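Everything on this sheet refers to the single structure shown next.
Heavy-atom basis, side chains included; hydrogens, waters and symmetry copies ignored. This is a predicted model, so every value here is computed, not measured.
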Amino acid sequence: MSDAPRYRFAPSPTGYFHVGGARTALYNWALALRTGGTFVLRIEDTDESRNSPEWTDGIIDALAWLGIDSGHPRFEGPYFQSHYAGAHVAAAMRLFEAGLAYWCDLTPEQVQERAKASGRPGYDGHSRDRGLEQAPGRVLRFRVPEGTTEVADLVRGRVEFANDTIEDFVLLRGNGTPIFLLANVVDDIEMRITHVVRAEEHLPNTPKQQMLWRALGHAPPAWAHVPVLVNEQRKKLSKRRDKVALEQYRADGILAPTMVNYLMTLGWAPGGDEEIVPWTRIVEEFRLEDVNHSPAFFDEKKLLAFNGDHIRMMTGAEFAAACAPWLESAPWSGGRIDAGLLARLVPLIQTRVARLSEVASMVDFFFLPSAPVDDDAWTKTMSSEFARDVLVEMESALGSCRWTLEEIKACLERFTEARGLKLGKTQAPVRVAITGRTVGPPLFDSIEILGRDESIRRLATAVARLG
RNA sequence: GCUCCCAUCGUCUAGUGGCCUAGGACACCACCCUCUCAAGGUGGCGGCACGGGUUCGAAUCCCGUUGGGAGUGCCA
């Protein structure tokens, strides 16, 4: 099986995990799974400013959350690019010895000056034939050959680049360290990568990398450049102005299956008319050839809608378990959340939340010692002429009725009919007295679960407050 | 500026020359259901950027225009 495809995901550790990176990782993972190939994780940590062990843990953790488990047999790595610096330099030296690269003593400023003077952008090949030897401060540049470079891209087809539009790019810095372009290629060759699936922003690098593959004596891999994710302004998602951290969505209570499902529908769609689909189906159907060519807007609204769908697809037990972490950190939580109580609450709220972070504020009145009364809700509902009456009436009716959902509801219905009102109107003050809010889970279920004594107590408290 | 990429409802997409009077989803609107809010159901609004070709026939192929985007570092 030495010809099984080898995909790779090569993020640089930056302290947070970008949703765009998540999508790229997912694409690679789906492909590796379907083709019986391997998913190689390589941390591109060669820039000192992007080098911190916690960042790497964050990447592994984020991938695991998405279902890309580092313990899975198809998963290989993580490898660290910084560990292979020796190989990168050695490859560069081989290129120099073969005459495919040369030393140059121009500083970046000098290169820029020359470009400005000549009116042609980029490095002009000044040292191409000067026969310079290696020396501190000198950079090694690749000697770009004449002709054209044709990149065969699985998503976009053939893309041609005239080599004379590509400058002799740097391989080794003045301090002797390799730059990304080289390191990336050397590692890919070393790790026997057969498919490079990455974001479109790398497409302009590709001819350079392909030349490097050839110069190093290898046939280039299959390339695939997937469109970038953009914001509402159609700009590439960036940390500075957009919400791009996967961890943030996770902390908001977006489910992992939701994120996976949603990310996969950006630039691609499963067959048929449904787009809420399980990962297993994505693995079966995903093809690079079917990936769209244009950038996709990362729409948080739609993400939320997907999340609501996924929440509703869970069993009650699954949903309760998923809610638990959000309840444990809730403000009232000194003690533990009662599992039995939670199980009764779950069906009331599962259709009412789009993300797990909303759960706490939806059930807080069950756990708090008294209703967390919202001032606006109070003034809005308690000003009606029947507000006081309905509270008093309910206080006494609930004291003697049988404690069933139907009977509790009947108590309010009797009052409502006697006054010729609508249940929708009369329930409002009662709801605020019991739950503190005008919206929330079904009132009568809530009262039943809360219990007779506590319900009556809250009604009495409200009556007292009304004066 | 230069290089490259892209172009179907507001958004994400289906569509690969006739099945398209362009399908679905999100959002939005209306109605139904209903103890609030949701969820659910029904219906509605809304699109092939433009101009030329090619073809019996074009959203689909070609060219151009316009409009977006990405890259343009001794960052990755």
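A side chain to side chain donor-acceptor pair (under 3.5 Å) check over residues 387-396 of chain A, counting only residues at least two apart or in different chains, returns the pairs A:Asp389-A:Arg419. A side chain to side chain donor-acceptor pair (under 3.5 Å) check over residues 222-245 of chain A, counting only residues at least two apart or in different chains, returns the pairs A:Asp153-A:His225, A:Arg198-A:His225, A:Thr206-A:His225, A:Gln210-A:Trp223, A:Asn231-A:Asp242, A:Lys243-A:Asp252, A:Lys243-A:Glu300. Among residues at least two apart or in separate chains, side chain to side chain donor-acceptor pair (under 3.5 Å) pairs with a member in residues 157-166 of chain A are A:Thr149-A:Asn163, A:Glu150-A:Arg158.
The aromatic rings of A:Phe306 and A:Tyr262 stand perpendicular to each other, their planes meeting at an angle above 60°, with 30° marking the opposite boundary. The aromatic rings of A:His202 and A:Phe180 lie tilted to each other, with the angle between the two planes from 30° to 60°.
Atom CG in A:Leu412 sits about 11 Å away from atom P in B:C35, given to the nearest Å. Nucleotide B:A39 holds its P atom 17 Å from the CE atom of A:Met313, rounded to whole Å. Atom CG in A:Asp168 sits roughly 17 Å away from atom P in B:U72 (whole-Å rounding). The CZ atom of A:Arg419 sits 20 Å away from the P atom of B:C35 (whole-angstrom rounding). A:Leu405 places its CG atom 11 Å from the P atom of B:C35, with the value rounded to the nearest Å. Rounded to an integer number of Å, the gap from A:Lys208 NZ to B:A76 C1' is 13 Å. For the pair A:Leu423 CG and B:C35 P, the interatomic distance rounds to 6 Å; values are reported in whole Å.
For the P atoms, the distance from B:G51 to B:U66 is 15 Å, rounded to whole Å. Separating the P atom of B:A38 from that of B:A27 is a span of 12 Å, rounded to the nearest Å. The same atom, P, is picked in B:G52 and in B:C28; the two are 39 Å apart, to the nearest Å. Distance check on atom P: B:G18 versus B:U60 gives 12 Å, rounded to whole Å. B:U21 and B:C4 have their C1' atoms separated by 39 Å, with the value rounded to a whole Å. Comparing B:G41 with B:C48, their C1' atoms sit 31 Å apart, to the nearest whole Å. Going from the P atom of B:U11 to that of B:A49 covers 12 Å, rounded to whole Å. Comparing the C1' positions of B:C37 and B:C50 gives an interatomic distance of 47 Å, to the nearest angstrom.
The phosphate of B:C35 (OP1 or OP2) has no side-chain N or O of A:Lys422 nearer than 4.0 angstrom. For the pair A:Lys425 and B:U36, the criterion of a side-chain N or O lying under 4.0 Å from OP1 or OP2 is not met.
With a 3.5 Å ceiling on both atom-pair distances, B:C35 lacks any Watson-Crick or G-U wobble partner. In this entry B:G10 has B:C26 as its Watson-Crick or G-U wobble partner, both defining distances falling under 3.5 Å. Checking B:G73 for Watson-Crick or G-U wobble geometry (two distances, each under 3.5 Å) identifies no partner in any strand. For B:C48, there is no paired base (Watson-Crick or G-U wobble, both distances below 3.5 Å).
Among the heavy atoms of the strands lying under 4.0 Å from A:Pro441 is at least one base atom, whether or not backbone atoms are also near. A:Arg120 comes within contact range of no nucleotide atom at all, as no heavy-atom separation falls under 4.0 Å. Within 4.0 Å of A:Thr107, counting heavy atoms only, lies at least one base atom of the nucleic acid. When heavy atoms are screened at a 4.0 angstrom cut-off, A:Glu274 is found touching no nucleic acid atom at all. Counting any heavy atom pair closer than 4.0 Å across all strands shown, A:Gln350 reaches no nucleic acid atom. Among the protein residues, A:Asp164 comes within range of no part of the nucleic acid, since none of its heavy atoms lies under 4.0 Å from any strand. Within 4.0 Å (heavy atoms only), A:Val170 reaches sugar-phosphate atoms of the nucleic acid but no base atom. Here A:Leu106 lies in heavy-atom contact (under 4.0 Å) with a base. In this structure, A:Arg437 reaches neither bases nor backbone, as no heavy-atom distance under 4.0 Å exists between it and the strands shown. Heavy atoms of A:Ile179 sit under 4.0 angstrom from primed sugar atoms or phosphate atoms, though from no base atom.
For the residue pair A:Ser455 / A:Arg458, no side-chain donor-acceptor distance below 3.5 Å is found, with atom types taken as modelled. In the model, A:Arg23 has no side-chain atom that pairs as donor or acceptor with a side-chain atom of A:Asn28 under 3.5 Å. Between the side chains of A:Gln81 and A:Asp187, at least one donor-acceptor pair of N or O atoms lies under 3.5 Å. One side chain, A:Thr416 or A:Thr426, offers a donor N or O that lies under 3.5 Å from an acceptor on the other.
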Close N or O pairs between protein and nucleotides 28-30 of chain B (under 3.5 Å):
none

Between protein and nucleotides 10-16 of chain B, what N or O pairs are separated by less than 3.5 Å?
residue : atom : partner  : partner atom : Å
B:U11   : O3'  : A:Arg234 : NH2          : 3.4
B:C12   : OP1  : A:Arg234 : NH2          : 2.2
B:C12   : OP1  : A:Phe297 : N            : 3.1
B:C12   : O2'  : A:Thr265 : O            : 2.8
B:C12   : O2   : A:Lys302 : NZ           : 3.2
B:U13   : OP1  : A:Gly267 : N            : 2.3
B:A14   : OP2  : A:Asn292 : ND2          : 3.1

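Between A:Lys302 and A:Glu275 a salt bridge is recorded (basic side-chain N to carboxylate O distance below 4.0 Å). Between A:Asp124 and A:Arg114 there is a salt bridge, with a side-chain nitrogen of the basic residue lying less than 4.0 Å from a carboxylate oxygen of the acidic one. Classification of A:Asp290 and A:Arg287 as a salt-bridged pair fails, no side-chain N sitting under 4.0 Å from a carboxylate O. At a threshold of 4.0 Å, the pair A:Lys208-A:Asp168 does not count as salt-bridged, since none of the basic side-chain nitrogens sits closer than that to a carboxylate oxygen.
Checking B:A76, B:C6, B:C74 against the side-chain heavy atoms of A:Pro108 singles out B:C74 as nearest. Of the candidate nucleotides B:A27, B:A76, B:C37, B:C37 has the atom nearest to the side chain of A:Val439. Picking from B:A70, B:C35, B:U3 the nucleotide with the shortest atom distance to the side chain of A:Thr165 gives B:U3.
For the pair A:Gln233 and A:Gly137, both in contact range of RNA chain B, the more 5′-proximal nearest nucleotide belongs to A:Gln233. Between A:Phe444 and A:Phe161, the one whose closest nucleotide on RNA chain B sits nearer the 5' end is A:Phe161.
Side chain A:Thr351 to base B:A39: no donor-acceptor pair is found below 3.5 Å. For A:Arg431 against B:C35, a side-chain N or O and a base N or O form a donor-acceptor pair under 3.5 Å.
Cation-pi contact between A:Arg141 and A:Tyr123: present, with separation from the ring centre below 6.0 Å and deviation from the ring axis of at most 45°.
Contacts with RNA chain B (heavy atom under 4.0 Å) in residues 195-207 of chain A: A:Glu200, A:Glu201, A:His202, A:Leu203, A:Pro204, A:Asn205, listed by number.
Contact detail for A:Val346 and A:Gly316: the closest heavy-atom pair is CG1-O, 3.6 Å.
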